[in-house]
Amino acid sequence: MSRKNQTLGEFIIENQSSFKYTSGELSRLINSIRLAAKVVNHEVNKAGLVDIIGAAGDTNIQGEDQQKLDVYANEKFIQTLTNRNIVCGIASEEEDDFISINSQDENNQNKYVVLIDPLDGSSNIDVNVSVGTIFSIYRRVTPVGTPVTLEDFLQKGNQQVAAGYVVYGTSTMLVYTTGDGVNGFTLNPALGTLYLSHPYMKFPENGNIYSVNEGNYNHFPQGVKDYIKYCQKEEGDRPYTSRYIGSLVSDFHRNMIKGGIYMYPKSSKNSDGKLRLLYECNPMAFIAEQANGKASNGFTRILDIEPTELHQRVPFFCGSINMVEKAEEFMQNAQ
Ligand code: AHM
Ligand code: MG
């Protein structure tokens with residue numbers, strides 16, 4: 001049973017037995033993500049001090065090179081997951097290829113692979129706008145004790161065992177699911193502890209926010225143009241409100257709480273959209289479905305798409321179920 005104000009550590013221990021594979025390995029993995037998220041949070045919050053402590057490319061007072069925050073976040077997550085020896089492989093937006101951990105060690109009995117976008121929306125950092133970390137966890141499909149292969153990472157989203165995000169916003173939150181609903185934990189920065197603040201998060205079935213980069217309007221498929229016009233039409237509960245931060249985690253988080261749809265469609269400039277299937281869309285789609293929402297590429301459920309490449313892109317429509325279904329209807333009618 002979850003209680004408000006419970007710490008994430010307590011929550012993980014109490015809920016471990018409700019998870020279908022109860023070895024404790026997944027709990028340790030979520031704990032490592034929690035630790036890395038706190039370290040990254042500390043660094044993200046210093047970003048505004050860049051004029052004082054130096055920008056990326058500068059050397060700091062200790063003679064260390066300052067890193068770009070997305071590179072920093074990537075290193076922290078990889079280091080934490082590697083040092084604690086709890087996964088057998090990692091794929092990251094920041095790495096061309098996947099990383100096999102302890103591939104020479106036959107004693108490595110770890111079962112999980114993690115796919116991660118360590119700092120999504122990082123172009124927002126310079127202007128003090130919130131960014132996020134997104135993660136997705138699978139059981140490997142190749143035999144335990146052997147090096148991981150691409151096959152372990154190219155699994156359909158419906159095989160995820162856990163997924164989550166961290167939003168570094170006005171407060172820092174970790175939101176995740178292990179397939180049994182979605183829970184959100186808020187960091188108390190004074191104590192460095194995450195507390196359950198948003199139990200059983202749910203998308204409202206309907207919403208009145210649409211989030212899309214309308215600067216690309218002329219390049220969108222006809223179905224998307226028609227849906228945007230529908231959102232803007234004066235009728236019933238419309239026009240809807242347009243809100244676009246340009247930071248997927250933040251836009252998604254707001255829409256889950258208030259009700260809304262996030263769209264990154266394909267366009268005549270990007271034939272598959274911009275967002276990555278494996279470590280952006282799949283984890284967000286899993287969370288959305290676990291929170292009564294929906295995620296689609298405009299025609300098909302995101303979680304049923306067969307991945308073909310590690311950094312594959314896919315059009316993304318995600319949010320309140322009735323809004324996503326309405327967008328799909330417009331896409332279908334414009335075919
Ligand atoms: P990134 O992985 O390079 O940070 O890009 C992903 C981000 C999303 O967070 C955001 O929703 C989208 O890109 C914004 O893109 P655009 O500026 O084209 O609207
Ligand atoms: Mg990204």
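Whatever order the structure lists them in is the order used to number ligands and atoms, beginning at 1. One is the number of the first residue; the rest follow in order along the sequence.
- Of all N, O or S atoms in E93, the one lying closest to the Mg ion (ligand 2) is OE1.
- Residue-level check: among N/O/S atoms of E280, OE2 sits closest to the Mg ion (ligand 2).
- Contact annotation for L248 and ligand 1: heavy atoms of both the backbone and the side chain come within less than 4.0 Å of the ligand.
- Between D117 atom OD2 and D120 atom OD1, the angle centred on the Mg ion (ligand 2) amounts to 90° (nearest 10°).
- At a heavy-atom distance under 4.0 Å, no atom of R276 approaches ligand 1.
- Residue-ligand proximity, E93 to ligand 1, at heavy-atom distances under 4.0 Å covers atoms 1 (P), 2 (O), 3 (O).
- In summary, of the residues considered (Y165, Y168, F203), a ring-ring contact (aromatic ring centres under 6.0 Å, His included) with H253 occurs for Y165 alone.
- Using a 4.0 Å cut-off between heavy atoms, D117 contacts ligand 1 through its side chain alone, with no backbone atom that close.
- Between F330 and Y230, the ring center distance clears the sub-6.0 Å criterion.
- Note that CG of N208 and OG1 of T241 are 5.0 Å apart. Values are rounded to the nearest 0.5 Å.
- Close approach of ligand 1 to Y244 is summarised as follows: ligand atoms under 4.0 Å from at least one heavy atom of the residue are 11 (O), 12 (C), 14 (C), 15 (O), 16 (P), 19 (O).
- Close contacts between ligand 1 and N213 involve ligand atoms 16 (P), 18 (O), 19 (O) [criterion: under 4.0 Å to a heavy atom].
- Within ligand 1, counting atoms from 1 as listed, the ones closer than 4.0 Å to a heavy atom of Y262 are 10 (C), 11 (O).
- Of the possible polar contacts, none joining the S250 side chain to the G246 backbone as a donor-acceptor pair under 3.5 Å is found.
- Between G121 and ligand 1, at least one pair of N/O atoms sits closer than 3.5 Å.
- At least one donor-acceptor pair under 3.5 Å links the side chain of Q290 to the backbone N or O of G181.
- Aromatic rings of F252 and Y262 (six-membered ring for Trp) have centroids beyond the 6.0 Å cut-off, not under it.
- Between N216 and ligand 1, no pair of N/O atoms sits closer than 3.5 Å.
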